[in-house]
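Contents: one structure, followed by commentary.
Only this structure's heavy atoms are used, side chains among them; waters, hydrogens and symmetry mates stay out.
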Amino acid sequence: INLKVLYLRRNLLKALPKAFEELKMLEELDLSENRFKALPKEIFAHSDKLQKLNMNANQLETFEFVGMAENSELQYLFLAQNKLKKIPMDIKKFKNIKYVNLDENEIFEVDPNLNEEIQYDLEITLYNNKKNFEPIILKKPLLLIFLPWLFRKSTSVGNLIKLILYSFTYLYSALVA
């Protein structure tokens with residue numbers, strides 16, 4: 001079957017039907033607002049062309065890329081509004097991934113080794129998690145983490161100025177290096 005885009009949003013799904021295995025050309029899959037507690041293994045076992053996966057607003061507590069090839073074409077991963085407690089470290093395996101949305105989960109810490117382990121540009125958003133993340137300025141490779149405290153009313157002017165200064169320092173060092 002040559003289906004490239006499939007939206008199964010708001011269907012109360014807990015598992016994927018057996019017929020999903022036939023969707024080998026799938027590039028975009030939206031499984032948001034369902035009842036998945038884990039990532040269905042069928043997603044990556046049969047489609048290495050998948051570029052965009054939306055699993056927002058499910059009941060995911062863990063996220064493992066079981067069966068996914070490292071040469072996968074996955075670029076955009078949406079995992080907001082789940083019950084994840086940490087950043088899925090498997091993301092470091094995939095060279096094409098550009099964006100991971102982890103907003104509104106239960107994440108309370110960021111692994112300090114994450115920057116060393118990821119060897120490509122990656123943007124991770126962490127708005128409205130369990131902890132207000134302090135500014136994290138990471139050296140090459142560039143890893144951007146949008147900080148939830150920056151957009152809250154309680155953000156102090158001092159913290160905002162610190163972030164701006166850190167950002168200019170980072171940009172300068174990245175350009176000179």
Side-chain angles (χ1 to χ4, degrees), residues 1-107 110-111 113-129 133 136 138-148 174:
I1 300 175
N2 289 329
L3 186 66
K4 292 188 178 195
V5 177
L6 179 60
Y7 292 101
L8 293 173
R9 174 180 232 167
R10 294 184 188 143
N11 280 291
L12 306 176
L13 296 174
K14 293 181 182 179
L16 291 174
K18 183 91 171 129
F20 189 84
E21 296 175 2
E22 302 299 320
L23 304 176
K24 297 180 182 353
M25 303 304 288
L26 201 58
E27 294 176 2
E28 184 175 336
L29 177 61
D30 187 342
L31 294 174
S32 62
E33 300 180 50
N34 280 291
R35 295 188 178 167
F36 290 100
K37 292 189 178 193
L39 178 69
K41 294 178 178 111
E42 303 87 352
I43 290 176
F44 300 118
H46 303 286
S47 178
D48 59 354
K49 302 208 180 301
L50 191 63
Q51 296 173 16
K52 183 178 179 183
L53 174 61
N54 187 342
M55 294 284 298
N56 286 345
N58 275 281
Q59 300 169 2
L60 300 174
E61 293 182 8
T62 61
F63 192 89
E64 297 176 20
F65 293 96
V66 177
M68 186 174 182
E70 289 187 23
N71 63 350
S72 165
E73 293 186 28
L74 186 66
Q75 295 177 28
Y76 303 95
L77 179 59
F78 299 88
L79 298 173
Q81 298 174 336
N82 279 289
K83 298 177 181 179
L84 298 172
K85 293 182 177 24
K86 62 182 182 176
I87 296 175
M89 290 305 289
D90 286 352
I91 62 173
K92 64 187 176 192
K93 296 178 186 176
F94 308 106
K95 310 302 181 236
N96 293 318
I97 200 159
K98 296 176 182 175
Y99 177 78
V100 179
N101 182 326
L102 293 168
D103 297 345
E104 298 182 46
N105 276 284
E106 298 175 6
I107 297 171
V110 175
D111 184 339
N113 298 319
L114 188 62
N115 190 43
E116 285 83 35
E117 296 177 12
I118 294 178
Q119 301 299 314
Y120 48 87
D121 293 349
L122 173 62
E123 179 179 328
I124 299 175
T125 60
L126 291 166
Y127 300 115
N128 296 324
N129 273 279
F133 293 95
I136 301 171
L138 302 166
K139 301 300 178 191
K140 289 182 182 177
L142 177 60
L143 172 66
L144 297 175
I145 298 179
F146 290 121
L147 308 167

Please round to the nearest 0.5 Å and tell me the distance separating atom CD1 of Ile107 and atom CG of Leu102. 4.5 Å

Looking at Thr125, Ile124, Asn56, Asn128, which one forms a side chain to side chain contact (heavy atoms under 4.5 Å, CB included) with Asp103? Thr125

Who passes ring pair (Phe, Tyr, Trp, His ring centres under 6.0 Å) against Tyr76, sequence neighbours left out? none

For the atom pair CG (Leu77) and CD (Gln51), what is the distance rounded to the nearest 0.5 Å? 13.5 Å

Between Tyr7 and Glu28, what is the shortest heavy-atom contact and its length? OH-OE2, 2.7 Å

Distance check, rounded to the nearest 0.5 Å: Asn101 atom CG versus Gln81 atom CD? 8.5 Å

Taking Asn58 for its side chain and Asn34 for its backbone only, find out whether a donor-acceptor pair lies under 3.5 Å. yes

For the atom pair CG (Leu50) and CG (Asn96), what is the distance rounded to the nearest 0.5 Å? 12.0 Å

Check against side chain to side chain contact (heavy atoms under 4.5 Å, CB included), Leu39 and Leu53: CA-CA 11 Å; Leu39 178 69; Leu53 174 61; 4.0 Å; yes

Straight-line distance of Glu73 CD to Glu27 CD, nearest 0.5 Å: 7.5 Å

Between Lys85 and Glu106, does any side-chain N to carboxylate O distance fall below 4.0 Å? yes

Are the side chain of Asp30 and the backbone of Ser32 linked by a donor-acceptor contact shorter than 3.5 Å? yes

Roughly how far, to the nearest 0.5 Å, is CZ of Arg35 from CG of Asn11? 11.0 Å

Test Leu126 against Val110 for side chain to side chain contact (heavy atoms under 4.5 Å, CB included), laying out the working first. CA-CA 10 Å; Leu126 291 166; Val110 175; 3.9 Å; yes

Is there side-chain contact between Asn82 and Phe63, with at least one heavy-atom pair below 4.5 Å? no

With heavy-atom distances below 4.5 Å as the criterion, would you say the side chains of Leu16 and Leu31 are in contact? yes

Closest approach of Lys49 and Met25, non-hydrogen atoms and distance? CE-CE, 3.8 Å

Any donor-acceptor N/O pair, Asn105 side chain to Asn129 backbone, under 3.5 Å: no

Among Glu61, Gln59, Lys83, find the one that has a side chain to side chain contact (heavy atoms under 4.5 Å, CB included) with Lys37. Gln59

Can you give me the closest heavy-atom contact between Leu122 and Tyr99, atom names plus distance? CD1-N, 3.8 Å

Validation row: Pro88, Leu79 side chains within 4.5 angstrom (heavy atoms): yes

